[in-house]
Amino acid sequence: MKNVLSGIQPTGDMHLGNYFGAVQNWVRLQEQYHCTYGVVDYHSMTMPYKADTLRENTWKMVFYLLACGIKSENLFIQSLVPEHVELSWVLGCVTSYGELSRMTQFKDKTDQLFETDNDAFVSSGLFVYPVLQAADILIYHADYVPVGKDQQQHLELSRDVAHRFNRQFGKEYFRHPEPLFTETPKILSPADPTKKMSKSLGEKHYINLFGEEDRIRKQIKSAVTDTGDTPAGQMSPGVQNLFELLRACGNLTAHDALMADYRAGALKYSDLKEEVAHTVVALVHPLRERYAELNADKRAVKAQIQESSAEIRKRAQQTMREVRELTGLVGMK
Ligand code: AMP
Ligand code: TRP
């Protein structure tokens, strides 16, 4: 069976964009592949953060993922597998300064830091972030990596690093991971559908999967449909986004019927919003129930994830034994 590996940063809330753009796909892949998913807390240390918040958000993300249908045996917390950092050092030594300098996410994130602070601290962790990501992927010999398009460059780097490692140490040891892009286009902000749904834009720009159902309804009902600058005869991004949500939720019957109304010039936006609100709330409802159940026994769930992380760690340790052998490091007792 082929290996699938992916990671998500513990950033607090989980929104509809994260769900339809990533997590829903991760859940489905579990039926077909040997899947391993990490909550990548080491990665979240690369930008300014608070220690307590990081730990809290890491567990929160674990609970969200389980509630969405990720199986506990497939889930680990990255920092409970410290071999990721060890491999990342080794891979860093076959990654050039030049290729890391070309990573656009590094540039985007430094710009983001300087936007609010002229003297912002840019950590070297942020610079070597893609090497740690390559370690996440290669340590489990992943064949496929489900990610958003924004991660394409990091995936290419992982392949290049695997190739260079194999050439330098004379063995086809690491696999060349391939990205699996989701079919869902970017989900847009309900408050400004010219931008993608994202937490960094502020609360009104994302729909929190585990927020109050009433708030979800309200946000959908007040979603911007017409920005006024859509050329005649074209569907505005806000309306497209609402149709996309119906499709992503799998309510194709309503999608097709409302689309027929739209084409006939008879669509009432209030009807479309009503249907989207209803469909999204129905989809989210069982996930929220599951989340509440998991929270009722927090300690047991946490123990389970400590356990699954320890199991997954064994695979990482095996890789590190082989890497030590190949690279000339002294073997551990
Ligand atoms: P982030 O929290 O932005 O790092 O995203 C985590 C995952 O969710 C990544 O795989 C993204 O590609 C995906 N994602 C984030 N925002 C959206 C969005 N608005 N639409 C679709 N996918 C998204
Ligand atoms: N960099 C990814 C993101 O921002 C998260 C990530 C870390 C990841 N390690 C990974 C994704 C390994 C896939 C595989 O979304």
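Every number for a ligand or one of its atoms is a count from 1 in the order of the listing. Here the structure is a predicted model, which is why all the values come from computation and not from measurement. Start at 1 with the first residue, then count along the sequence.
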*Asks:* Short N/O distance, under 3.5 Å, between Tyr129 and ligand 2?
*Replies:* yes

*Asks:* Determine whether the aromatic ring centres of residues His84 and Tyr140 are separated by less than 6.0 angstrom.
*Replies:* yes

*Asks:* Which one of Lys109, Gln133, His154 has a non-hydrogen atom at the shortest distance from atom 10 (C) of ligand 2?
*Replies:* Gln133

*Asks:* Indicate, with yes or no, if the rings of Phe169 and Tyr173 have centres closer together than 6.0 Å.
*Replies:* no

*Asks:* Between Arg247 and Glu244, does any side-chain N to carboxylate O distance fall below 4.0 Å?
*Replies:* yes

*Asks:* Mind checking whether Ile137 contacts ligand 2 via backbone (N, CA, C, O), side chain (CB onward), both or neither, at a 4.0 Å heavy-atom cut-off?
*Replies:* side chain

*Asks:* Looking only at the side chains, is there a donor atom on one of His43 and Gln78 sitting less than 3.5 Å from an acceptor on the other?
*Replies:* yes

*Asks:* Does a side chain donor of either Asn208 or His15 reach within less than 3.5 Å of an acceptor in the other side chain?
*Replies:* no

*Asks:* What residues form a side-chain hydrogen bond (donor to acceptor under 3.5 Å, both in side chains) with Asn241, not counting sequence neighbours?
*Replies:* none

*Asks:* What's the shortest distance from atom 16 (N) of ligand 1 to any protein heavy atom, and which residue and atom give it?
*Replies:* His15 CE1, 3.5 Å

*Asks:* Do Arg321 and Gln318 have side-chain N/O donor and acceptor atoms under 3.5 Å apart?
*Replies:* yes

*Asks:* Which ligand 2 atoms, with their elements, are less than 4.0 angstrom from a heavy-atom of Leu5?
*Replies:* 12 (C), 14 (C)

*Asks:* For atom 21 (C) of ligand 1, what's the nearest protein heavy atom and its distance?
*Replies:* Gly17 O, 3.3 Å

*Asks:* Polar-atom distance check: Met197 versus ligand 1, any N or O pair below 3.5 Å?
*Replies:* yes

*Asks:* With heavy atoms only and a cut-off of under 4.0 Å, state how Asp150 meets ligand 2: side chain, backbone, both or neither.
*Replies:* neither

*Asks:* Which atoms from ligand 1 have a heavy atom of Gly148 less than 4.0 Å away?
*Replies:* 10 (O), 12 (O)

*Asks:* Can you list the ligand 2 atoms lying under 4.0 Å from a non-hydrogen atom of Gln151?
*Replies:* 1 (N), 2 (C), 3 (C), 4 (O), 15 (O)

*Asks:* So, Arg164 and Glu99, do they make that salt bridge, N to O below 4.0 Å?
*Replies:* yes

*Asks:* Pick one of side chain, backbone, both or neither for how Gln151 approaches ligand 1, counting any non-hydrogen atom pair under 4.0 Å.
*Replies:* neither

*Asks:* Show me which atoms of ligand 1 lie under 4.0 Å from any heavy atom of Gly21.
*Replies:* 21 (C), 22 (N)

*Asks:* Taking the minimum heavy-atom distance to atom 19 (N) of ligand 1, which of Ile187, Asp150, Ile8, Thr11 ranks first?
*Replies:* Ile187

*Asks:* To check your reading of the model: name the closest protein heavy atom to atom 15 (C) of ligand 1, its residue, and the distance in Å.
*Replies:* Asn18 ND2, 3.4 Å

*Asks:* Please report whether ligand 1 has a polar contact with Val147, defined as an N or O pair separated by less than 3.5 Å (distance criterion only).
*Replies:* no

*Asks:* Would a line drawn from the ring center of Phe210 to the ring center of Phe63 be shorter than 6.0 Å?
*Replies:* no

*Asks:* Please could you name the atoms of ligand 2 that Val145 approaches to less than 4.0 Å, counting only its heavy atoms?
*Replies:* 13 (C), 14 (C)

*Asks:* Find all atoms of ligand 2 within a distance of less than 4.0 Å from any non-hydrogen atom belonging to Val147, and give their numbers and elements.
*Replies:* 11 (C), 13 (C)

*Asks:* Considering Pro130, Gly7, Ala22, Ser158 one by one, which has a heavy atom nearer to atom 13 (C) of ligand 2 than any of the others?
*Replies:* Gly7

*Asks:* Looking only at protein heavy atoms, identify the closest one to atom 9 (C) of ligand 1 and say how far it is in Å.
*Replies:* Ala22 CB, 4.4 Å

*Asks:* Residues two or more places apart in sequence or in another chain: which of them pass ring pair (Phe, Tyr, Trp, His ring centres under 6.0 Å) with Phe121?
*Replies:* none

*Asks:* Are Lys186 and ligand 1 in contact, using a heavy-atom cut-off of under 4.0 Å?
*Replies:* yes

*Asks:* Can you find an N/O atom of Asp136 closer than 3.5 Å to an N/O atom of ligand 2?
*Replies:* yes

